[in-house]
Amino acid sequence: MGLNSFTRDNSIFENETVLRDEYTPDDLLERDDELAAYQNALRPVINGAPPKNIFLYGQTGVGKTISTDLVLSQLQSDAEQYDDLGVETIYLNCKDLSTSYQVAANLVNVFRADDPDQSTISTTGYPQSMVYDMLWEHLEDLDGTHALIVLDEVDSIGTDDGILYQLPRASTAGHVTDTYVGVIGICNNFTFRDNLSARVKDTLCEEELHFKPYDANQLGTILRHRAEKAFFDDVLESDVIPAAAAYGAQESGSARQALKLLYKAGDLAREGERSTVTGEDVENARELIAKDRIGDEVNSLPTQGKLALTAVYTLERRGETPSKRIQIHEEYERHASAIDADVLSIRSIHDRLSDLRLKGILDGEERNDGRGGGSYYQYQLGDREDIIGEILQEDERLSALF
DNA sequence: CCTCCACAGGAAAAAGTGGGCG
DNA sequence: CGCCCACTTTTTCCTGTGGAGG
């Protein structure tokens, strides 16, 4: 097999960069109300007053992070004209950080990342109070009068909200003088607020901004705007953007996802060496993205999760699905001991299974047969058996099971 | 309308992990 | 090296629940 030569295939994309995830637009469409509210909430800062704590709610891809970017950089540059004002922003993405301790330790590391003299600290091992002390010290050392701490995806810390209690109180409790500390929390989960303890709710939720999912019209505007830069003229057939916008609105209301769909559709047209992108490309792109997602999810599962899934898979192959968790656990026990892995209790497997169900990899039907039956879940693979089987067999440790 | 099955899923205890410090 | 700290994962224990059969 020989290689094809690399040639510039410029008939579809004029500049595909603008469709990528990493691309940050310099203005944000269809979010005027939210931006106005956001700026309003930050107004005390420009007056030299202590900042309000702000909470942003909304699903992924509705512009929360980009709004924060835009509003804060505007605030910083506007603050420069006042000599008695210095606004510092500290950004931390809390994804994968499940406790307050880790958030605090990572915040310390954000400070230290800018400073080559200091090495970053480990995220385990220190007593909790020492980590907080280090954090106060760094905040104290800031030049500015205001420190705005942005905690993105803060809902991943769950119910352990100690850091959210400590940070806003840093100045009043005397840990930090000379600098006002404000917290901006961004979360995807609307129920996060309810999980917070009462003391945190009082201090932290002074200002709440809600970002609604985009509807099909708004997505259409965004896509058209972006497509104009990304594609050459007349490449998109007229039904492409409406179709992508409709799918996007229907599934998530996320601009990110709608853009991904449009990008993939363009990609398909390019692969097929066609000169236009059609509605059919959008349809196919949607299918591919869904498959990719499942594939990625399965691949990133830990061994025990894969074993649980394998158990359902082999049961399905034998036509014994939908099955109850006891059957699945028995099957799982056979597999796990066959490959010499730890055999977990039924309670743990039950957690794996509901995790798989939440991710949409497994279908779980809740049943209740009443007295003599009780209520239980029945699991099966749904219409994704072939993809899942394929991916499981690629796993080295598991391949012996097939 | 009450009971009672068989599970779901929360909570707490226990076991295990990784790093700091003297 | 032994011990402490804080976290994570797993196990153990237990309360809660919807509806068929009484």
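Chain letters run A, B, ... following the sequence lines, proteins first, then strands; residues in each count from 1. Only heavy atoms go into these numbers, but all of them, side chains included; no hydrogens, no water, no symmetry mates. Please read these numbers as outputs of a predicted model, since none were measured by experiment.
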Under 3.5 Å, is there a donor-acceptor pair between the A:Y376 and A:E366 side chains? no
What does A:T99 touch in the nucleic acid at a heavy-atom separation under 4.0 angstrom: a base, only the sugar-phosphate, or nothing? sugar-phosphate
Do A:N106 and A:Q102 have side-chain N/O donor and acceptor atoms under 3.5 Å apart? no
If you count every heavy atom of other residues, nucleotides or ligands that lies below 6.0 Å from A:K229 atom NZ, does the total exceed 12? yes
How long is the line joining CG of A:N106 and P of C:dC7, in whole Å? 13 Å
Please state whether the phosphate of B:dC7, meaning OP1 or OP2, lies under 4.0 angstrom from any side-chain nitrogen or oxygen of A:K324. yes
Pick base, sugar-phosphate or nothing for A:V131, based on heavy-atom distances below 4.0 Å to the nucleic acid. nothing
When rounded to whole Å, the CD to P distance for the pair A:Q378 and C:dG18 reads 18 Å
Winner on side-chain proximity to A:S345, out of B:dG9, B:dC5, C:dT11, is C:dT11
In whole angstroms, the gap separating P of B:dA6 from OH of A:Y377 amounts to 19 Å
Name the closest nucleotide to the A:R371 side chain, picking from B:dC7, B:dC5, C:dA6. B:dC5
Per A:P127 side chain, nearest of listed nucleotides C:dA20, B:dA8, C:dA6: C:dA6
At less than 4.0 Å, is any side-chain N or O atom of A:S375 found next to OP1 or OP2 of B:dA6? Yes or no. no
Could you state the CD-C1' distance from A:Q128 to B:dG19, rounded to the nearest angstrom? 16 Å
Indicate, with a heavy-atom threshold strictly under 4.0 Å, whether A:R367 touches base, sugar-phosphate, or nothing. nothing
Atom OH of A:Y101 and atom P of B:dG20: how far apart are they, to the nearest Å? 10 Å
Value in whole Å for how far the C1' atom of B:dA8 lies from CZ of A:R325: 7 Å
For A:D351, answer base if it contacts any base atom (sugar-phosphate contacts may also be present), sugar-phosphate if it contacts only those atoms, and nothing otherwise; contact means non-hydrogen atoms under 4.0 Å. nothing
Have a look at A:Q102 and say if it touches a base, only the backbone sugar-phosphate, or nothing, with a 4.0 Å heavy-atom cut-off. sugar-phosphate
Passing option when A:I12 is tested against A:R270, A:R274, A:E271 for side-chain contact (heavy atoms from CB on, under 4.5 Å): A:R270
Return the value, rounded to whole Å, for the distance between atom CG of A:D355 and atom P of C:dT10. 12 Å
Please evaluate the base of B:dG10 for a donor-acceptor partner in the side chain of A:R347 within a cut-off of under 3.5 Å? yes
Name the closest nucleotide to the A:H350 side chain, picking from C:dC7, B:dG9, B:dT3. B:dG9
Write down the distance between CG (A:L344) and C1' (B:dA15), rounded to a whole number of angstrom. 13 Å
Pair A:E331, A:T314: side-chain N/O donor-acceptor within cut-off below 3.5 Å: yes
Taking all non-hydrogen atoms of both residues, which atom of A:T276 and which atom of A:A269 are closest, and how far apart? O-CB, 3.6 Å
With no angle test and no hydrogens, is the base of C:dG18 tied to the side chain of A:N368 by a donor-acceptor pair under 3.5 Å? yes
